[in-house]
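Predicted model only: the values in this text are computed from it and were never measured.
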2 protein chains.
Amino acid sequence: MTDKERGPRERMVFSAAQLIRRDGVAATGMRDVVAHARAPRGSLRHYFPGGKEQLVNEAVDWAGRYAAGRVARFLAGMPEPSPSRLFAAMAAQWIDEYGSAGFEAGGCPVAAATVDCSEAAESTREAAAAAFARWTAPVARALADMGVPAARAEPLATLMISALEGAILIARAERDVRALTTVTRELGPLLDAAATPRS
Amino acid sequence: MTDKERGPRERMVFSAAQLIRRDGVAATGMRDVVAHARAPRGSLRHYFPGGKEQLVNEAVDWAGRYAAGRVARFLAGMPEPSPSRLFAAMAAQWIDEYGSAGFEAGGCPVAAATVDCSEAAESTREAAAAAFARWTAPVARALADMGVPAARAEPLATLMISALEGAILIARAERDVRALTTVTRELGPLLDAAATPRS
DNA sequence: GCCTGTCTATGACAGTCGTCATACTAGAAC
DNA sequence: GTTCTAGTATGACGACTGTCATAGACAGGC
């Protein structure tokens with residue numbers, strides 16, 4: 001999560017994602033991004049000739065890849081994986097961050113890009129859709145591996161991500177992780193039941 | 001849904017909600033709002049001395065009340081109400097709009113305000129939290145009336161709204177109602193099962 | 001040496017934003 | 001009539017925004 005000697009270009013994408021998830025796309029200026037990334041402003045045009053739209057799209061793309069990577073790591077570190085445990089791990093990432101660092105860091109950058117750019121920048125909308133897809137895929141694959149029938153793996157993965165994104169929204173508004181813990185508790189049994197069709 | 005001889009003040013709040021849910025808060029200018037509402041720009045300061053923040057807060061408030069009102073009307077028009085049918089009706093409102101009018105109108109204004117203002121305007125964050133609460137309350141009450149145990153009524157209502165908000169996000173990004181129909185189908189059985197603890 | 005390409009630095013551009021100051025109209029109160 | 005108030009109209013202000021033009025730094029190739 002730290003800078004760790006990445007190039008200026010990568011730092012800018014990373015900083016853009018952080019600022020977007022906190023303030024939204026429109027409220028995030030390119031000058032803010034370079035300042036946050038401690039990157040030279042003169043390089044903005046050089047690395048992102050497509051302007052702000054390109055920078056935002058790459059930030060969304062980065063966020064989608066990051067989310068997918070987290071899912072893989074959750075699964076790798078799980079001795080006895082189950083659908084409810086996977087969902088709990090995904091939600092716990094947010095519960096833990098809000099609990100330890102507060103709500104200042106904001107929500108999901110993909111959600112922010114969807115809200116701010118869906119009707120204005122077609123390419124950003126596509127980037128957000130791609131990010132959601134890249135995030136859903138490993139979840140669905142994991143569910144299938146856990147015994148969820150193939151036909152229900154992807155729908156359930158969509159349900160998981162929908163509930164998580166919505167709970168993040170409510171948690172931010174309430175400044176309380178209640179919504180996140182609630183959906184974890186209420187959705188878990190349903191998910192596990194789908195993994196064992198015959199009991 | 002039409003203007004129908006409301007006063008200029010109310011029209012501005014209504015227009016603000018419409019523009020916010022489409023473009024986000026930051027991208028919605030006050031000049032856009034008065035133009036969309038065909039209201040006199042000179043009245044902006046008069047009706048909303050608190051500036052943009054007040055206008056946004058009232059739009060969020062209006063959206064919360066509107067959502068709560070819709071829930072009541074769904075229930076009133078339902079011969080044999082059940083949790084799954086209520087959720088299906090809530091989701092169908094979005095599925096129908098996206099199917100008939102396209103995605104141009106945008107998503108949920110409360111979600112947009114949460115994403116854009118949570119870390120910048122405390123009062124708007126509170127307005128969003130209040131809107132979610134006002135929306136959740138009638139849903140929870142309806143669930144309790146349908147036989148859901150009191151302790152689970154509100155958590156399930158939160159789950160319903162979380163899943164709905166998340167599915168709206170995904171549907172907008174994908175320009176496809178798939179996510180909305182999916183959560184409706186997958187969440188229904190769980191909701192109805194909670195209404196009949198003993199079968 | 002020179003040349004070339006990548007990267008950086010800086011300032012200016014035109015546009016938009018929310019806000020505010022000022023002045024005008026209409027109508028009711030008395 | 002006058003006075004007061006709600007509502008409207010208009011223009012300007014400073015502070016941004018994203019974009020762009022221009023120039024400089026600094027390497028590697030030859």
Side-chain angles (χ1 to χ4, degrees), chain A residues 3 5-20 22-60 109 112-113 115-117 119-125 127, chain B residues 3 5-20 22-60 109 112-113 115-117 119-125 127:
Chain A
D3 286 357
E5 230 30 71
R6 277 181 291 217
R9 206 202 122 103
E10 202 172 347
R11 285 207 316 274
M12 287 193 247
V13 174
F14 179 69
S15 290
Q18 285 193 267
L19 296 181
I20 286 170
R22 189 184 65 190
D23 301 318
V25 172
T28 298
M30 317 210 71
R31 289 165 173 85
D32 302 333
V33 172
V34 296
H36 183 275
R38 272 185 292 279
R41 185 166 85 88
S43 305
L44 251 179
R45 236 192 134 47
H46 187 254
Y47 288 123
F48 307 96
K52 184 178 188 178
E53 190 168 328
Q54 180 185 356
L55 176 57
V56 171
N57 292 359
E58 296 204 20
V60 170
V115 163
D116 278 350
C117 309
E119 318 306 321
E122 177 76 4
S123 72
T124 304
R125 203 215 82 232
Chain B
D3 286 358
E5 231 29 73
R6 276 181 293 217
R9 206 202 121 103
E10 202 173 346
R11 285 208 315 274
M12 287 193 246
V13 173
F14 179 70
S15 289
Q18 284 193 269
L19 295 180
I20 286 170
R22 189 184 66 190
D23 300 320
V25 173
T28 297
M30 317 210 71
R31 290 164 174 85
D32 302 334
V33 172
V34 296
H36 183 274
R38 272 186 291 280
R41 185 165 87 88
S43 304
L44 250 179
R45 231 186 138 52
H46 187 254
Y47 288 124
F48 307 97
K52 184 178 187 177
E53 191 168 327
Q54 181 185 355
L55 176 57
V56 171
N57 292 358
E58 296 204 21
V60 169
V115 163
D116 278 351
C117 309
E119 318 307 319
E122 177 76 4
S123 72
T124 304
R125 202 216 83 231

Expressed as a whole number of angstroms, how long is the span from [X]:[atom1] to [N]:[atom2]?
X       : N      : atom1 : atom2 : answer
B:Met12 : D:dT8  : CE    : C1'   : 10 Å
B:Glu53 : C:dC20 : CD    : P     : 13 Å
B:Phe48 : C:dT19 : CZ    : C1'   : 16 Å
A:Arg45 : D:dA21 : CZ    : C1'   : 9 Å
B:Arg41 : C:dC20 : CZ    : C1'   : 10 Å
A:Leu55 : D:dT17 : CG    : P     : 14 Å
B:Arg31 : C:dT19 : CZ    : P     : 10 Å
B:Leu44 : C:dC20 : CG    : P     : 12 Å

Taking all non-hydrogen atoms of both residues into account, name the closest pair between [X] and [Y] and its distance.
X       : Y       : value
A:Val34 : A:Pro40 : CG1-O, 4.4 Å
B:His36 : B:Ser15 : ND1-OG, 2.8 Å
B:Ala59 : B:Ile20 : CB-CD1, 4.2 Å

Of all the nucleotides listed ([options]), which has the minimum atom distance to the side chain of [X]?
X       : options               : answer
A:Pro8  : C:dG18, D:dT17, C:dT8 : C:dT8
A:Pro40 : C:dT8, C:dC17, D:dG7  : C:dT8
A:Met30 : D:dG7, D:dT19, C:dG18 : D:dT19

Inset, instruction - Calculate, to the nearest 0.5 Å, the distance between atoms CZ and CE belonging to B:Arg41 and B:Met12 respectively. - result: 12.0 Å

Any side-chain N or O of [X] below 4.0 angstrom from OP1/OP2 of [N]?
X       : N     : answer
B:His46 : D:dG7 : yes
B:Ser43 : D:dG7 : no
B:Tyr47 : D:dT8 : yes

Inset, instruction - May I ask you to test the A:Glu58-A:Phe48 pair for a side-chain heavy-atom distance under 4.5 Å? - result: yes

Legend entry - 5' precedence on DNA chain C between A:Ala39 and B:Gly50 (nearest-nucleotide basis): A:Ala39

